[in-house]
Amino acid sequence: MPRRFGGESAHRRRAETLNRFSPIYAVAARIPRGRVATYGQIARLANLPGQARLVGYAMAALEDGSRIPWHRVVNAKGGVSLRSGGGMDAVQRLRLEREGVRFDRRGSIDLARFRWRPRAAR
DNA sequence: GCAATGACGCTCT
DNA sequence: CAGAGCGCCATTG
């Protein structure tokens with residue numbers, strides 16, 4: 001493909017960034033109901049090892065009403081880590097509990113029991 | 001373009 | 001087990 005230079009618009013750059021998130025969304029979309037996956041786990045499954053932070057960023061960029069099950073994504077401690085304000089952290093916990101995911105007194109999930117385990121590389 | 005910030009995580013103390 | 005340090009990367013001032 002001819003490499004167009006200088007003329008690349010910011011729009012194009014934006015598109016590339018979103019495209020970078022695609023594999024992340026693709027993996028997150030496969031998390032089954034009643035199970036959870038960690039940011040780092042998703043990063044790895046998306047072939048982006050060590051970029052857990054990028055996963056969190058991708059989740060934050062989701063638009064309202066997205067069909068991606070963002071609530072099934074938790075941190076490595078099995079807890080809900082949400083941004084300030086919005087109260088989305090409570091929403092996430094409620095949605096998970098409604099799917100049967102249990103939280104202990106400390107507010108964390110037993111990953112040994114609820115972590116999603118995809119069969120093999122896909 | 002540099003510095004700070006943020007839905008993260010692993011290692012070392 | 002809590003806290004500090006460091007790595008990673010997109011976004012913002």
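Keep in mind the model is a prediction, meaning the values are calculated, not measured. Below, chain A is the first sequence line, B the second, and so on; all start at residue 1. These values consider heavy atoms only, across backbone and side chains, with no hydrogens, waters or symmetry-generated copies.
Residue A/R35 qualifies as enclosed at atom CZ: its count of foreign heavy atoms under 6.0 Å is above 12.
One can place CE of A/M59 at 18 Å from P of C/dC9, the figure rounded to the nearest angstrom. A/Y25 places its OH atom 12 Å from the C1' atom of C/dA10, with the value rounded to the nearest Å. Atom-to-atom, CG of A/L62 to C1' of C/dT11 comes out at 16 Å; the value is rounded to the nearest Å. Here B/dC8 presents its P atom at 13 Å from CD1 of A/I24, a figure rounded to the nearest Å. Rounded to an integer number of Å, the gap from A/L82 CG to B/dC8 P is 9 Å. Whole-Å rounding puts the A/Q92 CD to B/dC8 P distance at 11 Å. Rounded to whole Å, atom P of C/dT11 lies 13 Å from atom CD of A/Q51. Taking atom CZ on A/R106 and atom C1' on C/dA2, their separation rounds to 11 Å, with Å as the unit.
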Show your reasoning for whether side chain to side chain contact (heavy atoms under 4.5 Å, CB included) applies to A/Q51 and A/Y39. CA-CA 8 Å; A/Q51 297 179 181; A/Y39 295 94; over 6 Å; no

Could you go step by step and tell me if A/V91 and A/R95 meet the side chain to side chain contact (heavy atoms under 4.5 Å, CB included) rule? CA-CA 6 Å; A/V91 174; A/R95 281 182 133 189; 4.1 Å; yes

Decide side chain to side chain contact (heavy atoms under 4.5 Å, CB included) for A/L111 and A/T38; before the verdict, give the C-alpha distance in whole Å, the side-chain angles of both, and the deciding distance to 0.1 Å. CA-CA 9 Å; A/L111 291 179; A/T38 67; 4.0 Å; yes

Between A/I24 and A/L54, does a side chain to side chain contact (heavy atoms under 4.5 Å, CB included) hold up when you go through it step by step? CA-CA 9 Å; A/I24 293 175; A/L54 193 56; 4.1 Å; yes

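Of the two residues contacting DNA chain C, namely A/Y57 and A/G50, the nearest-nucleotide position lying further toward the 5' end is that of A/G50.
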What does the list of N/O pairs under 3.5 Å between the protein and nucleotides 9-13 of chain B look like, with a distance for each?
| residue | atom | partner | partner atom | Å |
| --- | --- | --- | --- | --- |
| B/dG9 | OP1 | A/Y39 | N | 3.4 |
| B/dG9 | OP1 | A/G40 | N | 3.4 |
| B/dG9 | OP1 | A/A76 | N | 3.1 |
| B/dG9 | OP2 | A/A76 | N | 2.7 |

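For the pair A/L96/A/R72, a side-chain contact is recorded, criterion being any heavy-atom separation below 4.5 Å from C-beta on.
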